[in-house]
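Here is the structure we will look at, set down as structure tokens.
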Amino acid sequence: MRVDVITIFPDYLAPLREALLGKAIDKGLLDLGVHDLRKWTYDVHKAVDDSPFGGGPGMVMKPQVWGEALDEVCAGATPRLIVPTPAGRPFTQAVAQELAGESHLVFACGRYEGIDQRVIDDAATRMPVDELSIGDYVLVGGEVAVLAIVEAVVRLLPGVLGNPASHEQDSFSDGLLEGPSYTRPVVWRDREVPEVLRSGNHAAIARWRRDRALERTFERRPDLLEALPDAELDKQDRKL
Ligand SMILES: COC(=O)COc1cccc(COC(=O)c2cn[nH]c2)c1
């Protein structure tokens, strides 16, 4: 997978070259390009923003600069353009799975009040454009959202995670939140690991884990239970 990021703060994306994602780059599973938007400015001040038509606070990112940047970065085989924004559709594990199937993602990092809408509308005539939200809050720019989205997507690529089984047991992969986990010692500050997990009875362990996941989902994210297809809940689940 190739990922390109266009931003006025390229250093913000340095963490993508660390740890697991850094290894994915070394293994050739991920090609990462980070581009400074100011490369496409054309005035002595390298201006990337201007005042909003219609007035109001803040600044809007200039269409000319973004247009040139996207023309160059998106040239060649059609990429999918991702624009993190509070006004986007929710970025979920399902969307991460969908994006993991793409061969080329380009991320546009907005700042200030956002990017001139015509940039999005123009790009959408040539490629798929997804405006995605990582949550109902406002960041100063898209860079942090790109870190989150790229990490969630790239960890799903074959060969990136040591043990492929680990993302099968992800939270959300079966529509439920992950339950509690434990490791040694058996007792820590007078708290003992649940007996069933040390029983070796795999059916009982699976049942216990499912029950804890259902309980936690019910307590913290009842909305996810609503979304579960009926078939997903077996009769033992319904007793909870
Ligand atoms: C067309 O889209 C744009 O112009 C995007 O512009 C902006 C402006 C300010 C901040 C951001 C970053 O995204 C978030 O704050 C965000 C994403 N998810 N939850 C919060 C993006």
Side-chain angles (χ1 to χ4, degrees), residues 3-16 21 32-41 46-74 78-100 102 104-156 170-172 177 220-221 223-224 227:
V3 169
D4 286 291
V5 187
I6 306 170
T7 167
I8 58 172
F9 292 114
D11 293 350
Y12 234 101
L13 285 301
L16 291 180
L21 268 59
L32 176 65
V34 179
H35 311 273
D36 186 339
L37 180 67
R38 294 194 197 276
K39 170 182 166 189
W40 290 278
T41 54
K46 295 186 179 295
V48 294
D49 62 314
D50 197 346
S51 311
F53 275 117
M59 302 289 272
V60 176
M61 300 189 95
K62 296 166 70 69
Q64 305 96 318
V65 181
W66 271 106
E68 303 279 315
L70 291 173
D71 286 353
E72 183 172 327
V73 174
C74 298
T78 310
R80 189 156 172 179
L81 177 62
I82 313 289
V83 188
T85 169
R89 78 181 167 113
F91 174 67
T92 62
Q93 190 68 15
V95 176
Q97 289 282 6
E98 189 189 318
L99 296 182
E102 296 288 340
H104 186 195
L105 299 178
V106 175
F107 290 86
C109 297
R111 289 222 151 218
Y112 314 111
E113 293 312 304
I115 303 169
D116 186 299
Q117 184 60 39
R118 290 169 292 180
V119 172
I120 309 302
D121 299 344
D122 171 62
T125 65
R126 289 191 300 282
M127 70 196 87
V129 179
D130 294 82
E131 294 184 62
L132 296 179
S133 166
I134 62 165
D136 293 338
Y137 40 79
V138 182
L139 301 167
V140 181
E143 289 77 7
V144 163
V146 170
L147 292 176
I149 294 169
V150 170
E151 182 166 313
V153 171
V154 171
R155 69 184 283 278
L156 297 175
D170 274 346
S171 270
F172 311 104
L177 300 182
R220 298 179 185 177
R221 292 292 305 277
D223 58 299
L224 291 180

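If you read the sequence from its start, that first residue is 1, and numbering goes on from there. Both ligands and their constituent atoms are indexed starting at 1 by order of listing.
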List below, pair by pair, the N or O atoms of ligand 1 and of the protein that are less than 3.5 Å apart, including the distance to 0.1 Å; reply 'none' if no pair qualifies.
residue  : atom   : partner : partner atom : Å
ligand 1 : 4 (O)  : Ile115  : N            : 2.7
ligand 1 : 15 (O) : Leu139  : N            : 2.8
ligand 1 : 18 (N) : Ile134  : N            : 2.9
ligand 1 : 19 (N) : Gly135  : O            : 2.9

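Shortest non-hydrogen contact noted between Val119 and Pro63 is CG2-CA, 3.5 Å. Of all the heavy atoms in Gly110 and Met61, the pair that sits closest is CA-SD, 3.8 Å.
Sorted by first and then second residue, the side-chain hydrogen bond (donor to acceptor under 3.5 Å, both in side chains) pairs involving residues 50-69 (not counting sequence neighbours) are Tyr42-Gln64. Identified under the side-chain hydrogen bond (donor to acceptor under 3.5 Å, both in side chains) test for residues 135-155, with sequence neighbours left out: Thr7-Glu143, Arg111-Glu143, Arg155-Asp170.
For the salt bridge (Lys or Arg N to Asp or Glu O under 4.0 Å) test, no residue two or more places apart in sequence or in another chain qualifies with Arg38.
Put simply, the residue from Ile6, Val3, Asp4 that forms a side chain to side chain contact (heavy atoms under 4.5 Å, CB included) with Phe107 is Val3.
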